[in-house]
Amino acid sequence: MIIAAVVGVCVVLAVLAFLVPRLSRHPERGTQRSLGAGARTGGKAPGFLGKLLSKPFRTSSRAVGRSGSAGRRTRGRMPF
């Protein structure tokens with residue numbers, strides 16, 4: 001369920017970044033901020049469990065950033 005939500009957010013951000021690159025930054029940062037909060041909360045668990053619980057949030061945050069930048073990069077390569 002969470003994986004599908006992250007994939008959906010990545011797709012929406014990529015399309016938004018392609019259509020309106022400047023307006024896509026705010027939703028991207030908001031999504032990364034909320035995922036960062038989850039990573040920080042998961043990282044407070046002791047020892048190895050903290051790394052294990054924060055990793056999905058860090059990976060999702062990185063995916064959101066990559067999808068937004070890919071949409072803006074693709075828009076920049078278009079001839080129009």
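Values reported hereafter were calculated over all heavy atoms of this structure, with side chains retained and with hydrogens, waters and symmetry mates removed.
- Considering all non-hydrogen atoms of both residues, Gln32 and Ser61 come closest at NE2-O, 3.4 Å.
- One distance of note links CZ of Arg29 with OG of Ser34; it measures 14.5 Å at 0.5 Å rounding.
- When hydrophobic clusters are built by joining Ile, Leu, Val, Met, Phe, Trp and Tyr residues whose side-chain heavy atoms come closer than 4.5 Å, directly or via intermediates, Val12 is not grouped with Leu23.
- Between Leu35 and Phe57, the shortest heavy-atom contact is O-CB, 3.4 Å.
- The minimum heavy-atom distance linking Ser67 with Cys10 is given by the pair OG-O, 3.4 Å.
- For Pro27 against Leu13, the heavy-atom pair with the smallest separation is CB-CD2, 3.9 Å.
- Listed here is the closest heavy atom pair of Phe18 and Arg75: O-NH1, 2.7 Å.
- Under 3.5 Å, the side chains of Arg72 and Ser24 contain a donor-acceptor pair of N or O atoms.
- Clustering ILVMFWY residues whenever any of their side-chain heavy atoms sit less than 4.5 angstrom apart, transitively, puts Met78 in the very cluster that holds Leu19.
- For the pair Glu28 and Arg66, the salt-bridge criterion is not met [side-chain N within less than 4.0 Å of a carboxylate O].
- With values rounded to the nearest 0.5 angstrom, Ser60 atom OG is found 11.5 Å from Lys55 atom NZ.
- Distance check: Lys44 NZ to Thr41 OG1 gives 5.5 Å after rounding to the nearest 0.5 Å.
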